Amino acid sequence: MNQKTILSINTSCSEKFNNFTSTEKGGFCNACQKEVIDFRNWTDKEVHNHFKSTTQNTCGYFRKEQIKTYDNDSTHLKTNRYKLFNIGLASVSLLSLLSFNTAFGQTKAKPTTIQTETKNKEKQLENQSEGIIVKGIISDELGPLAGANVALKNSTISVTTNFDGEFIFPQPLVKESTLIVSFIGYNREEFKVSENNNIVMKMELTSCVLMGEVSVNKVYHSKPTFVQRVKNWFKNE
């Protein structure tokens with residue numbers, strides 16, 4: 001028997017999730033005295049399994065595309081795109097780290113930290129030419145965002161953030177230059193370079209988010225017999 005779970009939010013919550021007291025699964029809302037579970041980084045399978053196994057009313061914080069019908073036959077094939085990207089990013093980072101370690105072993109150089117490299121880059125830029133040295137930290141709601149791209153508008157010059165979400169732009173810039181910050185799954189942001197060259201930016205997910213009490217409808221369908229599947233096959237011909 002195939003079970004489908006239909007999720008919906010009849011009335012969205014007007015409270016601000018960022019103002020909630022953090023909990024293990026999300027945040028605690030003082031207005032309604034309930035824990036609000038943060039489902040945004042859950043896979044389809046995890047969301048489906050949660051609502052299949054619970055009988056309690058649930059308040060949740062979702063990406064808009066997560067409020068839908070979940071089918072047993074399909075959710076195990078679907079993986080959250082943000083988690084998939086993070087796995088890919090981690091794999092690339094691991095390969096880069098291995099390459100660095102190989103080069104390190106060949107040259108027998110002394111190990112350097114990210115902080116030392118950042119300071120060295122800054123000193124090199126100061127010696128290049130006059131201009132504004134732009135540096136900063138890019139993050140999201142969960143913390144520093146590694147791999148975000150920071151590019152000078154209408155040019156091919158760019159840099160990516162390190163594991164701590166930090167960056168130093170590779171050349172001094174003039175005042176009012178426009179930098180574009182982008183990352184897969186997040187809104188693209190632009191900012192103008194000013195005398196204040198320390199940038200602290202918080203990225204937001206592209207998709208809309210919904211928060212509120214979840215309405216769950218479970219629908220059961222018997223799987224078709226072999227004869228029914230054959231009949232359906234001929235009907236579709």
Side-chain angles (χ1 to χ4, degrees), residues 9 12-20 22 26-27 36 38-44 47 60-68 78-97 114 117-118 121-122 125 128 131-212:
I9 294 179
S12 296
C13 178
S14 59
E15 299 295 322
K16 300 294 184 184
F17 185 81
N18 291 340
N19 296 334
F20 293 170
S22 295
V36 179
D38 188 354
F39 290 97
R40 291 171 298 164
N41 288 326
W42 290 36
T43 65
D44 281 357
V47 173
Y61 193 31
F62 299 87
R63 300 192 316 276
K64 189 174 181 180
E65 62 266 24
Q66 290 176 305
I67 304 301
K68 60 182 180 179
K78 298 179 181 178
T79 305
N80 181 284
R81 60 182 176 138
Y82 301 114
K83 283 193 174 182
L84 183 60
F85 176 79
N86 289 336
I87 292 171
L89 181 62
S91 300
V92 172
S93 301
L94 179 59
L95 288 173
S96 301
L97 182 61
I114 292 176
E117 291 176 355
T118 300
K121 287 180 182 178
E122 194 168 351
L125 289 173
Q128 281 184 18
I132 300 173
I133 300 172
V134 180
K135 58 184 178 179
I137 298 176
I138 309 300
S139 64
D140 64 3
E141 289 186 357
L142 302 178
L145 201 57
N149 188 63
V150 183
L152 179 63
K153 192 172 184 177
N154 300 323
S155 81
T156 58
I157 306 171
S158 65
V159 66
T160 56
T161 54
N162 61 24
F163 287 104
D164 294 323
E166 300 172 338
F167 76 92
I168 289 186
F169 205 73
Q171 71 175 42
L173 300 172
V174 297
K175 191 174 180 179
E176 296 298 314
S177 297
T178 301
L179 290 178
I180 301 172
V181 182
S182 59
F183 191 80
I184 293 175
Y186 290 76
N187 291 323
R188 193 177 76 162
E189 303 287 349
E190 294 187 8
F191 63 88
K192 296 283 188 181
V193 174
S194 65
E195 297 298 337
N196 178 17
N197 58 356
N198 290 316
I199 308 300
V200 178
M201 179 173 289
K202 189 173 182 179
M203 302 287 282
E204 295 184 355
L205 291 171
T206 301
S207 56
C208 297
V209 290
L210 297 172
M211 185 169 67

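From a predicted model like this one, the values you see are computed outputs, not experimental measurements.
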Those residues at least two apart in sequence (or on a different chain) that pass side chain to side chain contact (heavy atoms under 4.5 Å, CB included) with S22 are none

Nearest atoms (heavy-atom pairs only) where P170 meets S158: CG-O, 3.8 Å

Non-neighbouring partners of I67 that pass side chain to side chain contact (heavy atoms under 4.5 Å, CB included), sequence neighbours left out: I9, F62, L210

Please confirm whether the backbone N or O of M201 pairs with a side-chain atom of E189, one donor and one acceptor, at under 3.5 Å? no

Would you say E166 and I137 make side-chain contact, with heavy atoms under 4.5 Å? yes

Minimum-distance pair of heavy atoms, taken over all atoms of V159 and I168: CG2-O, 3.8 Å

Where is the tightest heavy-atom contact between V36 and F20, given as atom of each residue plus distance? CG2-CE1, 3.7 Å

State, yes or no, whether a side-chain contact exists between L179 and L173 at a heavy-atom distance under 4.5 Å. yes

Rounded to the nearest 0.5 Å, the CZ atom of F167 sits from the CD1 atom of I138 at a distance of 5.0 Å

Which pairs count as salt bridge (charged side-chain N to carboxylate O under 4.0 Å, His left out) when at least one residue sits in residues 142-162, sequence neighbours excluded? K153-E190

Qualifying residues under side chain to side chain donor-acceptor pair (under 3.5 Å), relative to K192, sequence neighbours excluded: T178

Looking only at heavy atoms, which two atoms of S194 and I132 are closest? And how far apart? O-CD1, 3.5 Å

Which heavy atom of W42 sits nearest a heavy atom of Q66, and at what distance? O-NE2, 3.4 Å

Mind checking side chain to side chain contact (heavy atoms under 4.5 Å, CB included) for N154 and listing every partner two or more places apart, or none if nothing turns up? none

Shortest non-hydrogen pair, M203 vs L145, comes out as CG-CD2, 3.9 Å

Flag side-chain contact, heavy atom, 4.5 Å: P144 against T161: no

Using the side-chain contact (heavy atoms from CB on, under 4.5 Å) rule, take K135 and I199 through it: C-alpha gap first, then chi angles, then the decisive distance, then the call. CA-CA 6 Å; K135 58 184 178 179; I199 308 300; over 6 Å; no

With sequence neighbours excluded, tell me which residues meet side chain to side chain contact (heavy atoms under 4.5 Å, CB included) with N18. E141, K202

